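These numbers come from a predicted model, not from an experiment.
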Amino acid sequence: MQFNLYKDIKIFYKDTCSIMMRGEAQNLIPLGNLIMGNEGKDKTGWRDPALWFMATVSDKEEILLTAIMTPPYNLTLFAKDNKLNDGAVTCLIKGIAQTGNKIPGVMTENTLAEYFAGAYAKANNVQYKIKTKMRIHELVSVNPDIPKTGTLRLARESDMPFLPYWLESFNFDCFGEVLNINPDPEHYRYHIKGQTLYILEENGIPVAMAQKSREMQTVCGVSYVYTPPYFRGKGYATSCVAAVSRLILEKGFTKCVLYTDLANPVSNSIYKKIGYNPICDSLEIKFE
């Protein structure tokens with residue numbers, strides 16, 4: 001087995017893109033980052049590939065395992081064709097040790113995630129804990145019976161009085177992160193300037209949001225689905241996600257992809273009703 005460390009995003013993209021594309025929907029996050037880094041249009045914060053950890057493990061014939069980490073976020077992995085190779089994982093862990101990189105956690109398909117976490121923890125004398133059990137879903141058509149409630153529009157500057165609170169509340173609800181508003185408003189204007197974040201209004205009042213993210217060749221993601229507590233139970237999230245999903249398909253993408261927390265049966269049932277079907281389970285595991 002050969003560990004290969006990359007410093008040039010262009011070379012890493014050339015070597016790994018076609019491999020990750022075999023699981024395009026499953027690889028929404030790492031492949032989306034790879035494509036974004038290769039384009040080089042957005043190097044804001046963690047998005048600068050110069051800060052990334054990029055590596056592969058190969059045998060004499062082909063690449064068996066890809067690894068990409070965009071600090072401070074977790075390591076993401078893909079075993080070619082989802083075939084777990086314990087020798088490749090061992091080689092990757094040894095290679096990581098040689099580079100001196102510290103891995104805060106791993107997020108990937110559940111079998112690979114658990115195997116890597118156990119081997120990495122043992123090799124580095126650390127503990128690991130499953131933080132989130134997720135399910136990846138894809139949609140090819142929106143259920144026509146979903147009612148079109150409210151009006152969908154892009155987020156705009158006039159949303160800034162509430163938008164930071166919505167975005168951080170999403171992180172709190174989904175990931176258990178500390179509810180902390182960044183004092184730099186540009187941190188939140190980023191979502192407005194990118195023209196990817198949508199707000200659902202009812203009678204002129206913002207009631208829910210959803211974002212299209214990580215545009216790939218045939219797949220586009222949906223994220224930042226949030227409804228304030230006082231507007232929940234009225235179908236706004238369902239309408240918002242359905243509307244954003246329709247927009248994505250109308251742009252020519254063949255699939256929409258989103259992650260759900262398996263601990264939240266309400267959101268899972270909502271997405272199923274819209275037309276999303278599960279394709280893969282994924283784990284977020286943190287090292288302690």
Side-chain angles (χ1 to χ4, degrees), residues 1-39 49 52-71 73-99 101 103 105-123 128 130 133-138 214-221 253-255 257-259 277-285 287:
M1 295 291 175
Q2 176 67 46
F3 172 79
N4 311 290
L5 181 67
Y6 294 76
K7 295 297 183 182
D8 188 327
I9 181 63
K10 298 291 184 183
I11 298 175
F12 186 66
Y13 176 89
K14 177 177 177 292
D15 287 354
T16 63
C17 186
S18 62
I19 295 170
M20 290 194 198
M21 278 297 296
R22 297 188 183 193
E24 187 179 8
Q26 175 185 332
N27 288 322
L28 175 70
I29 292 176
L31 185 55
N33 290 342
L34 179 67
I35 293 171
M36 176 186 65
N38 181 63
E39 291 176 344
W52 297 359
F53 169 80
M54 301 173 286
T56 61
V57 175
S58 57
D59 60 13
K60 293 181 179 180
E61 298 179 355
E62 59 184 356
I63 291 174
L64 302 175
L65 184 64
T66 67
I68 179 170
M69 182 173 68
T70 57
Y73 298 107
N74 295 324
L75 181 72
T76 55
L77 307 171
F78 181 60
K80 185 178 179 181
D81 298 329
N82 281 320
K83 294 179 180 178
L84 175 61
N85 184 304
D86 55 356
V89 173
T90 300
C91 182
L92 175 63
I93 292 171
K94 289 180 179 178
I96 292 172
Q98 292 170 0
T99 66
N101 280 277
I103 307 299
V106 61
M107 186 172 74
T108 191
E109 182 272 330
N110 56 357
T111 302
L112 178 57
E114 282 204 273
Y115 187 88
F116 175 86
Y120 181 85
K122 183 177 180 180
Y128 71 91
I130 295 176
K133 295 181 179 180
M134 295 168 288
R135 182 158 288 163
I136 305 173
H137 302 253
E138 68 178 21
R214 291 181 167 83
E215 295 186 356
M216 295 186 278
Q217 292 184 14
T218 65
V219 168
C220 184
F253 293 98
T254 60
K255 296 177 183 177
V257 176
L258 54 76
Y259 282 70
N277 295 302
I279 60 168
C280 173
D281 282 358
S282 178
L283 292 175
E284 180 187 11
I285 299 176
F287 296 112

(message) Can you give me the closest heavy-atom contact between Leu64 and Ala88, atom names plus distance?
(response) CB-CB, 4.4 Å

(message) Please determine whether side-chain contact (heavy atoms from CB on, under 4.5 Å) holds for the pair Leu31 and Phe78, giving the CA-CA distance in whole Å, both sets of side-chain angles, and the decisive distance to 0.1 Å.
(response) CA-CA 10 Å; Leu31 185 55; Phe78 181 60; over 6 Å; no

(request) Report the distance from atom CZ of Phe3 to atom OG1 of Thr90, rounding to the nearest 0.5 Å. (result) 13.5 Å

(request) Measure the spacing between CD1 of Ile136 and CG of Asn277 and express it to the nearest 0.5 Å. (result) 14.0 Å

(request) Give the C-alpha distance, both sets of side-chain angles, the deciding distance and a yes or no for side-chain contact (heavy atoms from CB on, under 4.5 Å) between Trp52 and Asn33. (result) CA-CA 10 Å; Trp52 297 359; Asn33 290 342; 4.2 Å; yes

(request) First locate atom CD1 of Ile130, then atom CG of Leu283, and finally report the distance between them rounded to the nearest 0.5 Å. (result) 5.0 Å

(request) Among residues two or more places apart or on two chains, list those pairs meeting salt bridge (Lys or Arg N to Asp or Glu O under 4.0 Å) that have a residue in residues 56-68. (result) Glu62-Lys80

(request) I would like to know whether Leu75 and Met107 meet side-chain contact (heavy atoms from CB on, under 4.5 Å); could you show each step before the answer? (result) CA-CA 6 Å; Leu75 181 72; Met107 186 172 74; over 6 Å; no

(message) I'd like to check the salt bridge (charged side-chain N to carboxylate O under 4.0 Å, His left out) partners of Asp8; sequence neighbours left out, ordered by chain and number.
(response) none

(request) Quick one: pull up CG in Asn85 and SG in Cys91 and give me the separation to the nearest 0.5 Å. (result) 9.5 Å

(request) Any pair with a residue in residues 87-96 that passes salt bridge (Lys or Arg N to Asp or Glu O under 4.0 Å), sequence neighbours left out, goes on the list, sorted by first then second residue, please. (result) none

(message) When you compare the side chain of Met216 with that of Asn27, does any pair of heavy atoms fall below 4.5 Å?
(response) no

(message) Please give me the minimum heavy-atom distance between Leu112 and Ala79, naming the atom from each residue.
(response) CD2-N, 3.8 Å

(request) Apply side-chain contact (heavy atoms from CB on, under 4.5 Å) to Leu77 and Val89, showing your working. (result) CA-CA 10 Å; Leu77 307 171; Val89 173; over 6 Å; no

(message) Quick check: do Leu34 and Ile9 have side-chain heavy atoms less than 4.5 Å from each other?
(response) yes

(request) Could you grab the distance from atom CG of Asn4 to atom OG1 of Thr56, nearest 0.5 Å is fine? (result) 3.5 Å

(message) Can you see whether Asn82 engages Glu109 through a side-chain donor-acceptor pair at a distance of less than 3.5 angstrom?
(response) no

(message) Please find the pair of heavy atoms, one from Val106 and one from Ala113, that lie closest to each other, and give the distance.
(response) CG1-O, 4.1 Å

(request) Provide the closest heavy-atom pair for Pro278 versus His137 in the form atom of the first, atom of the second, distance. (result) N-ND1, 3.6 Å

(message) Rounded to the nearest 0.5 Å, what separates atom CG in Leu258 from atom CD in Glu138?
(response) 10.5 Å

Could you tabulate the donor-acceptor pairs under 3.5 Å formed by side-chain atoms of residues 12-24, not counting sequence neighbours?
from: Asp15; atom 1: OD2; to: Tyr6; atom 2: OH; distance (Å): 2.8
from: Thr16; atom 1: OG1; to: Phe12; atom 2: O; distance (Å): 2.7
from: Arg22; atom 1: NH1; to: Asp81; atom 2: OD1; distance (Å): 3.3
from: Arg22; atom 1: NH1; to: Asp81; atom 2: OD2; distance (Å): 3.0
from: Glu24; atom 1: OE1; to: Thr218; atom 2: OG1; distance (Å): 2.6
from: Glu24; atom 1: OE2; to: Gln217; atom 2: N; distance (Å): 3.2
from: Glu24; atom 1: OE2; to: Thr218; atom 2: N; distance (Å): 2.9
from: Glu24; atom 1: OE2; to: Thr218; atom 2: OG1; distance (Å): 3.3
from: Glu24; atom 1: OE2; to: Val219; atom 2: N; distance (Å): 3.3

(request) Taking Ser282 for its side chain and Met134 for its backbone only, find out whether a donor-acceptor pair lies under 3.5 Å. (result) no

(message) Under the rule for ring-ring contact (aromatic ring centres under 6.0 Å, His included), what residues qualify as partners of Phe116, not counting sequence neighbours?
(response) Tyr120

(request) State, with a plain yes or no, whether a side-chain heavy atom of Ile29 is found less than 4.5 Å away from one of Arg214. (result) yes

(message) I'd like to know if the side chain of Lys255 and the backbone of Cys220 have a donor-acceptor N/O pair within less than 3.5 Å.
(response) no

(message) Restricting to salt bridge (charged side-chain N to carboxylate O under 4.0 Å, His left out), what partner residues turn up for Glu215, sequence neighbours left out?
(response) Lys212, Lys251

